[in-house]
Number of protein chains: 2
Amino acid sequence: MNVLERVEARLLVVDDEPNIRELLSASLRRSGFEVVTAADGREAVHFAERVRPDLVVLDVMLPDMDGFTVAGRLREMGGQMPVVFLTARDATDDKVAGLRVADDYVTKPFSLEEVLARIRAVLRRTRGDLDLPSRLQVGDLELDEEAHQVWRSGAPVRLSPTEFKLLHYFMVNTGRVLSKAQILDHVWNYDFGGDAGVVESYVSYLRRKVDITEPRLIHTLRGVGYVLRLPRGD
Amino acid sequence: MNVLERVEARLLVVDDEPNIRELLSASLRRSGFEVVTAADGREAVHFAERVRPDLVVLDVMLPDMDGFTVAGRLREMGGQMPVVFLTARDATDDKVAGLRVADDYVTKPFSLEEVLARIRAVLRRTRGDLDLPSRLQVGDLELDEEAHQVWRSGAPVRLSPTEFKLLHYFMVNTGRVLSKAQILDHVWNYDFGGDAGVVESYVSYLRRKVDITEPRLIHTLRGVGYVLRLPRGD
DNA sequence: ACGTTTTCTCAGGAAACGTTCAGCCGGAGC
DNA sequence: GCTCCGGCTGAACGTTTCCTGAGAAAACGT
């Protein structure tokens, strides 16, 4: 029922920066994953052998060995663990080429929603995991993650990338109150320095595009945050 | 059965200000938690190692080391103790960024109800603790903590943040008489300078919004305080 | 290189909220 | 029955929070 109370899968997170490592593992744990972390390639291989994760989140740049090398070792181990790479946005060509061996990749600085979406998509593909639906629905509002498309009352709605990510975050957390800080942390890149004002703007855009008809789904809770839900009368 | 007679969990409270430390630990003990306190980072790590708390309440600003550093040491210890940070409201950007690795955080000056709510929410998430229900019910009055919503006789009721906190405090203490001073201490921030008159106002607001129908749940005990309960065979 | 889309900031205005206070009410005690 | 006292509530105030439109800068597509 509640995404937060179920272990979706076991993940191995590999990054040498403690901040990124903790940011990711805390957030993934909150989303219901079981998480083991490693700080370099040696540790990564060691833990992968021991805990047999369902998926590995792997930074390309590691102090002791290349991320691709680590990925190779993991493949040699069998068990075909899928890999999601983390890479700098300005990666050089040879690195981009290497990414082809990955099941997916995310560029730094990322947003948590981005990473979560990729992880879920890969798990869906490799495990045929139907517990992770690609289509979300609340009332007559529908969102298809794979098709990257949204409908309200059957009519398609055009959203910008940020608007889409925000709506997706709302729909994954239907019925749960989200503070502006929480939204900022999940939908915007982790290096974003701005304040919560931008969240207000985007909520305003979203309402104009997908919440002009009754019943209203996006509700403001003054001094607390926002929540997406059907009004419950019963 | 009584929340006061059961040890809910073992907590470690870390703050260098003795006032805050005592305020928190006394209140948490009264709520059924087992509490150990520490005044700085060194002590915190030491006690965490010895008593293995289920959760750590950690001030970001400590005399010897940064709260995030302490949190890092705690994670290295394994056992994945969740951390609730305490921070000043006007925290600078880099500190806000650090808060993303926290399981939750509360800004100073806080109210005791706020801290308790966050602690319970985190314990619910990390331990799947169903002894700590997110939904409270007294008669036909219902309150959902997560959804931040209230119903009376099935009909949703809109409450301001203070009204919600006050009702929550009443419902957690159903059947127990609460003095105005007690209510002030728990629901309002600890630096609030006003008098108990504001409690009378808010009880009045609450009655108007959630206690207009029979049977009345909020009762005045002249010269003593208030109590929320079903009338017993009156 | 050009126009378009997207993202973010800012500021005005509107609404909700917190707090105080004064006048009223009703029960308790004399 | 009268007086006190504690409690109730409506009004008023300043403050906070939120919404939205306008605009600048960056990214994007052609």
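Lettering follows sequence order; numbering is per chain, from 1. Please read all numbers here as calculations on a predicted model, not as lab measurements.
If you check C/dT19, C/dT7, D/dC18 against the side chain of A/T220, the one that comes closest is D/dC18. The side chain of A/W188 sits closest to C/dC8 out of D/dC19, C/dC8, C/dT7. Side-chain proximity of A/R208 to D/dG21, C/dT20, C/dT6: nearest is D/dG21. Comparing C/dT20, C/dG18, D/dC18 by their closest approach to the side chain of A/E200 singles out D/dC18. Residue A/R207 has its side chain nearest to D/dC19 when only C/dT5, C/dT19, D/dC19 are considered.
Side-chain atoms of B/R222 and base atoms of D/dC5 include a donor and an acceptor less than 3.5 Å apart.
By the 4.0 Å N-to-carboxylate-O rule, B/D144 lies close enough to B/R135 to be salt-bridged with it. Ionic pairing of B/R158 and B/E163 is not present here: no N-O contact between side-chain nitrogen and carboxylate oxygen is shorter than 4.0 angstrom. A salt bridge is absent between A/D195 and A/K180: the closest approach of a Lys/Arg side-chain nitrogen to an acidic carboxylate oxygen does not fall below 4.0 angstrom. The existence of a salt bridge linking A/D140 and A/R152 is confirmed by a sub-4.0 Å separation between a basic side-chain nitrogen and an acidic carboxylate oxygen. B/E113 and B/K165 are not joined by a salt bridge, as no carboxylate oxygen comes within less than 4.0 angstrom of a charged side-chain nitrogen. B/E17 has a carboxylate O that lies under 4.0 Å from a charged side-chain N of B/K108, or vice versa, which qualifies the two as a salt bridge.
Residue A/K209 is the one, among A/V198 and A/K209, whose nearest nucleotide of DNA chain C lies closer to the 5' end (criterion: closest heavy atom).
If you measure from atom CZ of B/R158 to atom C1' of C/dA15, you get 11 Å, rounded to the nearest angstrom. The interatomic distance linking A/D195 (CG) with C/dC10 (P) rounds to 8 Å, in whole Å. For the pair A/L221 CG and C/dC17 C1', the computed distance is 14 Å after rounding to whole Å. With rounding to whole Å, B/N189 atom CG is found 8 Å from C/dT19 atom P. Counting to the nearest Å, the C1' atom of D/dC19 and the OH atom of A/Y202 are 16 Å from each other. In this structure, B/D211 places its CG atom 16 Å from C1' of D/dT9, rounding to the nearest Å. Summarising the geometry, the separation between NE2 on A/H219 and C1' on D/dC18 is reported as 16 Å, rounded to the nearest angstrom. The CG-P distance, from B/L206 to C/dG18, rounds to 11 Å in whole Å.
Between A/Y226 and D/dC19, a side-chain N or O to OP1/OP2 separation shorter than 4.0 Å is present. The phosphate of C/dT5 (OP1 or OP2) has no side-chain N or O of A/S160 nearer than 4.0 angstrom. Between A/K180 and D/dT17 there is no side-chain N or O to OP1 or OP2 distance below 4.0 Å. Residue A/S201 has no polar side-chain atom (N or O) positioned under 4.0 Å from OP1 or OP2 of C/dC8.
Among the atoms of the strands shown, none is found under 4.0 Å from any heavy atom of B/G197. At a threshold of 4.0 angstrom between heavy atoms, the contacts of A/Y205 include nucleobase atoms, whether or not backbone atoms are also involved.
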